[in-house]
There are 2 protein chains.
Amino acid sequence: MQIGALARQTGCPIQTIRFYEQEGLLPPPSRSAGNFRLYGDAHVERLLFIRRCRSLDMTLDEIRVLLRLKNVPTQDCSEVNRVLEAHIEQVAVRIQELSALEQQLRSLREMCSEGRSAEQCGILCELSQPVSAAELAVP
Amino acid sequence: MQIGALARQTGCPIQTIRFYEQEGLLPPPSRSAGNFRLYGDAHVERLLFIRRCRSLDMTLDEIRVLLRLKNVPTQDCSEVNRVLEAHIEQVAVRIQELSALEQQLRSLREMCSEGRSAEQCGILCELSQPVSAAELAVP
DNA sequence: TTAACACTCTATAGCTACTATAGAGTCAAG
DNA sequence: CTTGACTCTATAGTAGCTATAGAGTGTTAA
C-alpha cells in the first residue's frame with residue numbers, strides 16, 4: 001500500500017505520515033523500485049495508535065513512551081498507567097487555569113458598556129494597570 | 001532607561017522586549033551614542049499593557065488591535081468589547097474541549113489496573129482501536 | 001592604563017506538531 | 001507519447017517566545 005492509501009485508511013495527511021517517520025514514531029517502510037513508500041497492516045495499526053493518542057492531545061514524547069512499552073508485550077504496564085495519569089493531571093491543571101482566566105476576562109468585560117470613547121473605556125483602562133507577579137506566571 | 005531596567009520594571013525578559021519591537025507592538029525607542037535602546041515612561045506603560053493582555057492569554061494579533069484602538073482615544077470603543085468577547089468565547093470553547101478530553105482520558109484510565117503485562121493492558125488495547133471521525137477533529 | 005565586569009548589540013537557531021509550498025520523478029491509461 | 005494522478009526530497013512557515021554566539025559599550029578598580 002502506498003502512502004496515499006495509508007493516508008485514506010487512517011485519515012492522516014500524507015505530510016504528517018512522513019513527519020511521523022522522520023520523528024521516529026513510524027518505522028521507515030520498504031520502498032518500491034521507484035522509491036515509493038510501501039506500507040503493510042502493521043503500519044496502519046501503529047499509525048492509528050498514534051492518531052488515537054494525538055486525538056487525546058498527548059505529546060509525541062508521551063506517545064513515543066507508549067509505543068516503546070507496547071513493543072515489549074511481556075513487560076509490566078504500570079508505566080503506561082503513570083504516563084496516562086500524568087497526562088490527565090496536565091489536562092486538569094490546564095482546565096483550572098483556563099477557568100480562572102475566563103473569570104478574569106468576564107470581570108474585565110464588566111468594566112465597560114458599549115459606546116464609550118476609547119479614552120474612557122473601562123477595559124482599556126483596566127488593561128493598563130500593572131500585572132501582579134502571580135498573573136505574570138504564564139500558563 | 002536601558003533595556004535591562006525596562007525588563008526589571010516590567011518583569012518582561014529582555015529578549016521578549018526586543019521581540020515585541022520587531023513585531024511592531026513596541027515602537028522602536030531612541031538610541032544612545034553606543035546604540036543602546038533608551039526607553040521612557042510611555043514604553044513602560046505600553047509594555048505593561050501588552051504583558052497584562054498576554055497574561056490573559058490574548059494573541060499578539062488581538063493585542064495589536066487593542067493597541068491601535070488605545071492610540072485613538074476619541075474613537076468609539078465597541079470594537080474593544082468585541083475583541084474581548086471573541087476572546088472569552090475562545091477560552092470557553094477550549095475549556096469545553098478539554099473537559100470532554102478529560103472525561104475520555106479518565107474512562108481510558110479505568111480500562112486497566114496496575115501490574116498487567118503490556119500485552120493485556122486495557123489502555124494500550126483501547127488506544128489501538130480506530131479513531132472516530134469526530135475524535136480526529138483536533139481541537 | 002588596563003583589566004575586569006556588567007551590560008548591550010545583531011543574527012541565528014531552537015521549541016511543538018504540523019502544514020504548505022517548489023521542483024522533480026514514477027507509473028498506468030488512452 | 002502524453003496526460004494525469006501519484007509520489008519524492010527539501011525547505012519555509014505557523015505562535016510566542018527562549019537561548020545562543022560573537023562582538024561591542026561603559027564603568028570601576030588595581
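Small disclaimer: the values here were computed from a predicted structure and weren't measured. Every chain is numbered from 1, with letters handed out A, B, ... down the list of sequences.
In terms of position on DNA chain C, the residue among A:Pro13 and B:Phe36 whose nearest nucleotide sits closer to the 5' end is B:Phe36. Of the residues near DNA chain C, A:Thr16 and A:Gln2, the one whose nearest nucleotide (by heavy atom distance) lies more toward the 5' end is A:Thr16. Closest-nucleotide positions on DNA chain D for B:Gly34 and A:Arg31 were compared, and the one nearer the 5' end corresponds to A:Arg31.
Residue contacts for B:Arg37: at a heavy-atom cut-off of 4.0 Å it reaches the sugar-phosphate backbone alone, with no base atom in range.
Of all nucleotides listed (C:dA17, D:dG16, C:dC27), C:dC27 comes nearest to the side chain of A:Ser32. Taking the side chain of B:Arg18 as heavy atoms from C-beta on, and the options C:dT10, C:dC18, D:dC8, the nearest nucleotide is C:dT10. If you check D:dC17, D:dC8, C:dA17 against the side chain of A:Asn35, the one that comes closest is D:dC8.
Spacing between atom CD1 of A:Ile3 and atom P of C:dT26 amounts to 17 Å, rounded to whole angstrom units. Taking atom CD1 of A:Ile14 as the reference point, atom P of D:dA5 lies 14 Å away to the nearest angstrom. Rounded to whole angstrom, the span from the CD atom of B:Gln15 across to the P atom of C:dA13 amounts to 16 Å.
Summarising the geometry, atom CG belonging to B:Leu84 is positioned 9.5 Å from atom SG belonging to A:Cys112; distances are rounded to the nearest 0.5 Å. Atom CZ of B:Arg68 is separated from atom CG of B:Asn71 by 10.0 Å, given to the nearest 0.5 angstrom.
In this structure, B:Ser32 and B:Gln2 have side chains that are not in contact, with every pair of non-hydrogen atoms separated by 4.5 Å or more.
For the residue pair A:Tyr20/A:Arg51, the side-chain donor-acceptor check at 3.5 Å is satisfied.
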